[in-house]
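Chain A is the first sequence line, chain B the second, and so forth, proteins listed ahead of strands; every chain is numbered from 1.
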2 protein chains.
Amino acid sequence: MDSYSTFQQEFDLSMEALCRRILERHQATIRVRKAETAVANLARIIETTLVLSNRNGFHPMSLRDLSEQSGLSMGALYSYFDSKDTLLLMILGQVVDAIGLVLTAPDVAAGDPLARLRALMARHVYLTEAMGPWFVFAFMEAKAFGKQGRAMAVESELWTEALLRDVIADGINTGRFRPVDPTMAAALIKPMLQDWYVKRAKYRKRGVEPDAFVAVLVDMVGNMLLA
Amino acid sequence: MDSYSTFQQEFDLSMEALCRRILERHQATIRVRKAETAVANLARIIETTLVLSNRNGFHPMSLRDLSEQSGLSMGALYSYFDSKDTLLLMILGQVVDAIGLVLTAPDVAAGDPLARLRALMARHVYLTEAMGPWFVFAFMEAKAFGKQGRAMAVESELWTEALLRDVIADGINTGRFRPVDPTMAAALIKPMLQDWYVKRAKYRKRGVEPDAFVAVLVDMVGNMLLA
DNA sequence: ATATAAAACGAGCGCTCGCTCTTTTTTGAA
DNA sequence: TTCAAAAAAGAGCGAGCGCTCGTTTTATAT
């Protein structure tokens with residue numbers, strides 16, 4: 001029931017849906033008026049950007065490469081963003097947007113601490129499974145956007161960590177968890193969650209599916225924390 | 001006794017020592033003959049490269065930036081490497097070199113499984129503490145070197161993971177650890193170790209020192225694995 | 001069928017990049 | 001003090017970058 005397939009039904013994180021959100025947030029700079037056309041081409045642009053950037057990095061990707069691979073001309077590209085940096089910001093912004101959408105959705109805050117922790121971790125794994133290339137991009141390229149990008153990344157990191165920390169603190173206060181330092185425990189759980197998308201290829205090669213990963217994670221974290 | 005300060009006495013990972021190793025490995029391309037001069041300037045070059053690259057990325061760093069910040073002319077720089085890619089390779093290669101040096105050193109393989117696991121994790125934390133910017137650089141820029149760099153990174157990742165996996169498997173076979181999947185356990189421990197250098201600023205801000213981090217890690221992993 | 005607006009096109013602009021090469025400075029043995 | 005070798009210097013080169021803009025193609029309404 002609380003599996004990846006039900007997650008996919010609950011949240012629409014398809015390329016089309018994500019690009020529709022991007023169009024909304026960047027109406028001011030996108031010069032194409034017909035939403036249908038704009039979303040379709042944004043999808044082509046961003047899909048290609050994620051592939052090329054996750055191969056060699058965003059900076060090495062030239063806009064001529066992007067033009068060639070996406071099938072849109074240089075001029076057409078610049079109908080959708082006013083600078084290469086804006087393209088980067090579109091993707092980063094949508095990642096932050098999706099994190100907020102998924103991790104603050106209701107029902108995460110119900111049940112006993114371990115169940116809530118499980119739900120939070122599962123959501124994180126499922127979210128990054130659905131938007132793998134987006135998260136890899138954000139993780140690797142946040143610093144390329146200078147102070148603003150770095151600050152955005154740090155803020156998002158600390159925010160997710162705080163969600164974990166609060167659940168752990170609750171577990172300790174109700175006596176279900178050992179009296180560990182909740183901040184440190186959260187700080188150590190976060191990188192395990194991130195590993196799912198940063199090293200996705202490794203898990204794929206070993207045949208580990210999202211739900212199997214969540215199961216192992218819950219087992220390990222449970223033993224780490226339970227009194 | 002088994003602390004960061006004793007580690008520092010055991011392994012010389014000073015900038016000078018590391019650059020001397022780089023000079024040895026790249027004698028063929030480095031045109032400066034006097035070792036003393038070469039090591040001193042390599043140190044300036046690499047120190048500056050790490051600072052500039054970890055700020056905005058290796059590709060965005062121009063060699064004119066590097067020249068200006070390091071105080072060496074364009075011509076002088078090209079006495080130490082024959083291309084920007086070679087400079088990247090020098091740093092990546094020295095990271096791999098140091099991993100091999102530190103993690104295969106004797107005495108890691110003695111004692112009971114948890115002690116050996118502790119020793120391995122401590123060494124990893126201390127190594128990445130001593131060479132923080134090097135590891136951040138390698139982590140972020142490995143893909144910028146195409147297939148060769150990616151392969152190097154994956155190989156190094158799996159090699160370290162295998163060390164963890166073998167100790168965990170031993171622990172399970174001798175009945176000291178719970179019967180978990182050793183590969184998955186190792187796969188989850190690795191990102192916690194990497195977090196120490198990837199998010200170093202966060203831990204610094206919270207006043208967490210290397211030995212404190214190791215202590216928390218051992219506590220958590222111990223509860224994760226002990227029968 | 002025609003007019004008009006929307007969208008896509010792609011050669012070309014100015015500029016900065018990685019890299020080279022001649023010249024100048026520094027070094028150290030005689 | 002001299003002078004040849006070693007090292008550093010930095011202007012200059014062609015290539016390729018991000019980005020623009022006059023033109024052409026496509027879509028839509030009359």
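Closest heavy-atom contact between R150(A) and N54(B): NH1-O, 4.0 Å. The minimum heavy-atom distance linking A43(A) with M15(A) is given by the pair CB-CG, 3.7 Å. For L120(B) against V167(B), the heavy-atom pair with the smallest separation is CD2-CG2, 4.2 Å.
Residues I46(B) and Q94(B) fail the side-chain proximity criterion, which asks for heavy atoms closer than 4.5 Å. Contact of the V214(A) side chain with the M121(A) side chain is not registered, since no non-hydrogen atoms from C-beta on lie closer than 4.5 Å.
Residues of residues 51-79 of chain A that place a heavy atom closer than 4.0 Å to DNA chain D, in numerical order, are M61(A), S62(A), L63(A), R64(A), M74(A), G75(A), Y78(A).
When the shell of 6.0 Å around CD of E24(B) is examined, it contains more than 12 heavy atoms from other residues, nucleotides or ligands. Within 6.0 Å of CZ in R206(B) there are more than 12 heavy atoms belonging to other residues, nucleotides or ligands.
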Under 3.5 Å, N/O pairs linking protein and nucleotides 23-28 of chain D:
| unit_1 | atom_1 | unit_2 | atom_2 | d |
| --- | --- | --- | --- | --- |
| dT28(D) | OP1 | K34(A) | NZ | 3.1 |

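Applying the ring pair (Phe, Tyr, Trp, His ring centres under 6.0 Å) definition to pairs two or more places apart or across chains, none involves residues 15-51 of chain A. Screening residues 60-70 of chain B for side chain to side chain donor-acceptor pair (under 3.5 Å) gives S62(B)-D65(B) as the qualifying pairs, with residues at least two apart or on separate chains.
Among the protein residues, F81(B) comes within range of no part of the nucleic acid, since none of its heavy atoms lies under 4.0 Å from any strand.
Taking a pair as Watson-Crick or G-U wobble with both distances under 3.5 Å, DNA chain C forms stems of 3 or more consecutive pairs at C:4-30 with D:1-27.
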I91(B) and F58(B): CA distance, side-chain angles, deciding distance, side chain to side chain contact (heavy atoms under 4.5 Å, CB included) verdict: CA-CA 11 Å; I91(B) 300 175; F58(B) 180 72; 5.8 Å; no
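Nucleotides of DNA chain C lying under 4.0 Å from heavy atoms of chain B occupy a range whose first and last members, 5' to 3', are dC17(C) to dG28(C).
When each of F7(A), Y197(A), W196(A), F135(A) is paired with Y126(A), the ring pair (Phe, Tyr, Trp, His ring centres under 6.0 Å) condition holds for F7(A) and for no other. Checking each of T128(A), T160(A), L164(A), V198(A) against L193(A) for a side-chain contact (heavy atoms from CB on, under 4.5 Å) leaves exactly one that passes, namely L164(A).
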